[in-house]
Q: 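Next up is a structure, given as structure tokens.
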2 protein chains.
Amino acid sequence: MTSPNGTTNSSGPRKARLSREVVLSAALELVDAEGLEALTMRRLGQELGRDPMSLYRYAANRAALLDGVTERVLNELAIFVDDRDWQAQLRRIGHDLRLLALRHPNVVPLLVTRPLSTPLGLRPLGTLRPLEQILALLIAAGFSPADALHVYRAYYGFLYGHILNELQEYIVDPDENEAVLRLGLHRLPAKEFPHLRALGPVLAEYDGDVELDQGLSILLSGLATQLSGPPQQPLG
Amino acid sequence: MTSPNGTTNSSGPRKARLSREVVLSAALELVDAEGLEALTMRRLGQELGRDPMSLYRYAANRAALLDGVTERVLNELAIFVDDRDWQAQLRRIGHDLRLLALRHPNVVPLLVTRPLSTPLGLRPLGTLRPLEQILALLIAAGFSPADALHVYRAYYGFLYGHILNELQEYIVDPDENEAVLRLGLHRLPAKEFPHLRALGPVLAEYDGDVELDQGLSILLSGLATQLSGPPQQPLG
DNA sequence: GACAACTTCTCTACGATGTAGACTTTAGCC
DNA sequence: GGCTAAAGTCTACATCGTAGAGAAGTTGTC
């Protein structure tokens with residue numbers, strides 16, 4: 001019954017050797033399934049069939065664990081630095097990030113919040129990689145470094161803003177989406193919130209994808225014309 | 001030594017009657033001064049010279065206390081629904097909200113995060129008021145309700161995105177601003193983060209106000225031209 | 001095989017947190 | 001005075017992160 005290499009035997013997800021990967025995966029799974037508050041050291045230990053304290057080999061503390069999770073999620077984002085059509089690239093990345101956020105909505109608060117309490121240089125490297133790569137992309141497309149930074153800021157700012165907005169309106173329980181929404185709106189005092197209440201139906205039809213795309217169009221073309229020097233289109 | 005009406009006697013901030021206002025003010029002060037984690041029931045009780053349990057008269061639980069704080073902060077934002085120049089209004093509100101965020105940086109995570117876990121209709125009313133008022137503003141300026149919602153989304157999304165961005169780069173310790181920034185960047189592996197490292201000086205000169213204003217210009221003019229029907233300018 | 005050195009995992013324990021429930025104190029009114 | 005309701009307090013408990021000491025498991029060398 002000794003399985004010398006890796007594969008565990010019968011009794012469930014038991015004693016395979018832990019690793020940072022395994023721990024972070026389990027953590028992400030847990031967060032996706034039950035939310036951030038469910039991710040306690042004890043609970044995660046239990047999920048892995050280990051003593052909670054064993055986790056401290058793979059993350060210095062709970063905060064580091066959270067950082068690991070955000071890092072892992074951001075790694076799912078692919079950025080191709082060589083594409084010369086920066087607008088198309090930024091547009092695609094934007095949609096990808098949106099989908100990422102919809103796939104891991106419970107992680108979004110981390111994505112958005114943790115950088116606020118950590119100076120730039122001390123963040124997990126995986127977190128900074130998108131920034132670096134987008135800068136590379138823009139610079140390769142002909143922007144000066146300083147302009148690239150401006151574009152990045154406007155772009156990423158808008159992107160995160162959109163994601164927050166969309167997740168706010170997205171109800172977690174997909175069944176109750178419309179019902180809860182209206183029920184919610186129903187509770188608002190009619191005299192103070194006439195417009196909001198009237199928008200119930202429109203709110204229910206929110207299409208985040210096209211909304212994002214329209215916003216990106218405005219932003220990208222605006223950026224392209226505002227910044228004088230750099231290339232408008234990589235066409236002949 | 002009996003002071004019949006209100007004013008406490010010598011020994012420090014003692015036994016004045018509590019109220020929701022007083023509690024929330026103290027909570028906000030605490031958060032501003034020492035951050036969100038410092039806001040525990042026990043600590044706040046101590047700050048008010050009261051038993052922690054007394055706070056539950058004024059907020060159902062800790063989450064409700066946090067909601068109260070965000071509500072209180074958002075109340076500092078003034079919106080004038082009657083102004084017909086919607087672009088100017090949105091621009092002003094944007095700058096106001098930015099300043100609000102800089103005044104209460106520790107509250108921003110709440111502003112951004114709490115709506116994610118609460119369906120729209122169940123949020124504290126004070127939180128929804130800006131939304132309602134901006135809708136009113138846009139509709140009064142001639143937009144259809146649905147278009148007003150689109151404008152609102154793009155606008156607020158961009159705005160929150162900008163604020164998050166700016167706070168990320170803003171170092172809490174104003175003295176060490178440049179030093180910490182560079183020290184931080186210094187730690188990055190040179191081969192993986194060449195562009196980011198090179199941008200150190202530029203990062204240090206970040207002027208959030210003009211950055212915001214430029215972004216708003218792009219966005220507002222883009223929105224004005226994209227949406228066919230509504231008025232461009234309230235002139236002539 | 002035996003031993004040693006090291007890594008990984010577990011046990012126990014401590015202080016801090018949110019908050020339920022029963023109690024005491026206070027304020028306002030007759 | 002006494003009565004009632006509100007405001008504030010006390011005690012207690014489950015749960016959290018994590019320090020520190022030790023046990024178990026792994027690996028390398030003979």
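Keep in mind it's a predicted model, so treat the numbers as computed, not measured.
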Q: In whole Å, what is the span from the CG atom of Leu44(B) to the P atom of dG18(C)?
A: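 Going from CG in Leu44(B) over to P in dG18(C) covers 10 Å.
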
Q: Atom CG of Asp51(A) to atom C1' of dC11(C): distance rounded to whole Å?
A: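 Taking atom C1' of dC11(C) as the reference, CG of Asp51(A) is at 7 Å.
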
Q: May I have the distance from Leu66(A) (atom CG) to dG17(D) (atom C1'), rounded to whole angstrom?
A: 12 Å

Q: Is Arg62(B) touching bases, backbone alone, or none of the nucleic acid, heavy atoms closer than 4.0 Å?
A: sugar-phosphate

Q: Could you please spell out the steps behind the side chain to side chain contact (heavy atoms under 4.5 Å, CB included) verdict for Leu120(B) and Leu196(A)?
A: CA-CA 10 Å; Leu120(B) 216 155; Leu196(A) 235 187; 4.2 Å; yes

Q: Does the distance from a Lys or Arg side-chain N to an Asp or Glu carboxylate O, for Arg129(B) and Glu192(A), drop under 4.0 Å?
A: yes

Q: Specify the separation, in whole Å, of atom CZ of Arg50(B) and atom P of dT26(C).
A: 11 Å

Q: Any non-hydrogen side-chain atom of Val31(A) less than 4.5 Å from a side-chain atom of Leu66(A)?
A: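 A side-chain contact under 4.5 Å is absent here.
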
Q: Please walk me through it: do Leu39(B) and Arg43(B) pass side chain to side chain contact (heavy atoms under 4.5 Å, CB included)?
A: CA-CA 7 Å; Leu39(B) 179 56; Arg43(B) 177 69 194 282; over 6 Å; no

Q: Expressed in angstrom and rounded to an integer, what is the separation of Tyr58(B) atom OH from dG18(C) atom P?
A: 19 Å

Q: Would Arg153(B) count as a cation-pi partner of Tyr206(A), with NZ or CZ less than 6.0 Å from the six-membered ring centre and within 45° of the ring normal?
A: yes

Q: I'd like to know whether Leu203(A) forms a side chain to side chain contact (heavy atoms under 4.5 Å, CB included) with Glu169(A), so could you lay out the CA-CA distance, the side-chain angles of the two residues, the decisive distance to 0.1 Å, and finally the verdict.
A: CA-CA 8 Å; Leu203(A) 278 167; Glu169(A) 298 187 25; 3.5 Å; yes

Q: Taking only heavy atoms on the protein side, list every residue of residues 28-42 of chain A lying under 4.0 Å from any atom of DNA chain D, sorted numerically.
A: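 Residues of residues 28-42 of chain A that come under 4.0 Å of DNA chain D are, in numerical order, Thr40(A), Met41(A), Arg42(A).
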
Q: Over how many whole Å does the gap from Met53(B) atom CE to dG21(C) atom P extend?
A: 10 Å

Q: Given the rule in the side chain to side chain donor-acceptor pair (under 3.5 Å) test, do His195(A) and Gln133(B) qualify, once you have shown the distances and angles that lead to the verdict?
A: CA-CA 9 Å; His195(A) 300 102; Gln133(B) 289 178 320; over 6 Å; no

Q: Between Arg57(B) and dA7(D), is there a contact of a side-chain N or O with OP1 or OP2 at under 4.0 Å?
A: no

Q: To the nearest angstrom, how far is Leu65(A) atom CG from dG17(D) atom P?
A: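 Leu65(A) atom CG is separated from dG17(D) atom P by 10 Å.
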
Q: Quick one: is dC9(C) close enough that its OP1 or OP2 comes under 4.0 Å of any side-chain N or O from Tyr56(A)?
A: no

Q: What is the distance from CG of Leu18(B) to P of dT25(C), rounded to the nearest Å?
A: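 Roughly 18 Å, once rounded to whole Å.
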
